[in-house]
Amino acid sequence: MSLERRHDREFVRTFFTSPTAVEGEDDSAKMIRRAAQLRGMQAPDVWVPDNEDATAPSMRDEGAENIISVISEHGAEFPGEIHPRIVWHRDSPATRYQCFEHLLEIADPERDAIEHIDGFVIPEVGDIDDWKKADEFITIVETEHGLAEGSLAMSVIVESAEAELALADLREEMGKPSNNLERLFLLVDGEVDYTKDMRAITPTGGLPPWEELRHNTSRGASAAGLIAIDGPYDDIRDIEGYHERMTDNQAKGMLGIWSLTPGQVKEANESPLPPKTGSWLLDVNGREVELDAEDGRYVYDGDDVTLETTGDDRYRLLVGGDERELDADDLTEELLDLTSYIPSLNDIVDSMEEFEAAKEAGKGAIAMERSATLLVDGVEVEISNDRMWDEATYQAAQTPITLFQDVYENRPDQHEELEELYGEDVVDRAMVVG
């Protein structure tokens, strides 16, 4: 069983970093000043004023001052959580000392910023003992400034083999009297430094996908009651690739991702939410194609699948180079195998409400029917199937609803956009189902 979550947010979709000090500008804090004023779908769940990699080493002392200045002015109105990223390195005592100095400076209640700060992000951690060092620094800072012990969260960036191996130790180490690792909040992958640490090489010089790292981080987060976040996707114009990465992550239980621009924030905020309308997909040579909805039918408009009638209840179906002669029943079964359905928020709510009513009436399982009319090359085919819903199915369907509820409860600045997208009735029902 996973450890109990200890923080207000159960889900974090977006982890947005912005440099704390930009050299050569009249206002060196202009990037975090802009970020602090983002709202709605362009505002992240977690904003990270980045005083590490995004800020030049020579500017980091000024960056710490900028964090204090901007957050003291804008922090109260910012709709997400605020977790500055400060320097740390498992092999550098001097860097860790600079971290301690910046922690003391930023957390000083007399500077009026810490009341709006939810925690800190610690990069370049090593084994579990190194995580404890960072935790101890934060505990000392809390004590020095009269803050409640454990009131500041700590998130770590997993960007070394040591840190990845430490994920397996979290369940045992959290909650020991000798540390305050219960303050842990996010586990964030840093694939660039991880690639360097692993001395990995690819023919193009690009990053490996590191599927194992993402899986291990997601698993470690689930076991320890934390939240997993994927690393940055630096091709900011490749929206399709960003979506593919998020879809792959979501299948691993990693629902959050690093965002580098407000545009990426918007995409990542919307990606894990159920769609407004359901859609049917057709498997075409291993590629899923969304069918167009027209007048109550779902239409395939392409050249890779053809269908024609050859007589009474006889059909010829060609998919890629595979041609089949089928009767009506066989055609229906074949198209059922080739299609899949993506449910809308309303579909999920409907199904959960129906199962809840059945459970209230004493039924342990019910069949849910899904049907559609497909149109391929002018030929209409009715397909339908039954899916058995039991308690396990219900619990699995609840994850996107729980995510939606967490977003709606914690991001009132997004209420209007969500209600415009789904409709007030669907939103109201989604907030009480489950």
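Values reported hereafter were calculated over all heavy atoms of this structure, with side chains retained and with hydrogens, waters and symmetry mates removed.
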Side chains of [X] and [Y]: do they bring a donor and an acceptor to under 3.5 Å?
X: N249; Y: D230; answer: yes
X: E417; Y: H415; answer: no
X: T277; Y: S344; answer: no

Surrounding [atom1] of [X] (heavy atoms of other residues, nucleotides or ligands, distance under 6.0 Å), is the total greater than 12?
X: M31; atom1: CE; value: no
X: K363; atom1: NZ; value: no
X: Q395; atom1: CD; value: yes
X: D301; atom1: CG; value: no

* Asked: Thinking salt bridges, do R90 and D197 make one under a 4.0 Å N-O criterion?
  ->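 Here R90 pairs with D197 in a salt bridge, since their nearest N and O are under 4.0 Å apart.
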* Is a salt bridge present between D108 and R111, judged by a nitrogen-to-oxygen distance below 4.0 Å? ->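 No salt bridge links D108 with R111.
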* Asked: Is the W47 to F15 ring centre distance short of 6.0 Å?
  ->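 Not under 6.0 Å, so no.
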State, to 0.1 Å, how close [X] and [Y] come at their nearest heavy-atom pair, and which atoms those are.
X: P343; Y: R370; value: CB-NH2, 4.4 Å
X: V70; Y: A29; value: CG2-CB, 4.0 Å
X: W131; Y: M154; value: O-CE, 3.6 Å

Give me the ring orientation class for [X] and [Y]: parallel if the planes are under 30° apart, tilted from 30 to 60°, perpendicular past 60°.
X: Y242; Y: Y233; value: tilted
X: F137; Y: W88; value: perpendicular
X: W389; Y: F355; value: tilted
X: Y408; Y: F404; value: parallel

* Derivation of the side-chain hydrogen bond (donor to acceptor under 3.5 Å, both in side chains) call for T195 and E159 -> CA-CA 8 Å; T195 299; E159 46 194 338; over 6 Å; no
* Verdict with supporting geometry, R183 and E149, salt bridge (Lys or Arg N to Asp or Glu O under 4.0 Å) -> CA-CA 9 Å; R183 73 170 74 250; E149 189 173 299; over 6 Å; no
* Are any non-hydrogen side-chain atoms of F185 and V12 less than 4.5 angstrom apart? ->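 Answer yes - side chains close enough.
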* **Test log, rule salt bridge (Lys or Arg N to Asp or Glu O under 4.0 Å), inputs R429 and D350** => CA-CA 9 Å; R429 291 165 55 219; D350 280 345; 2.5 Å; yes
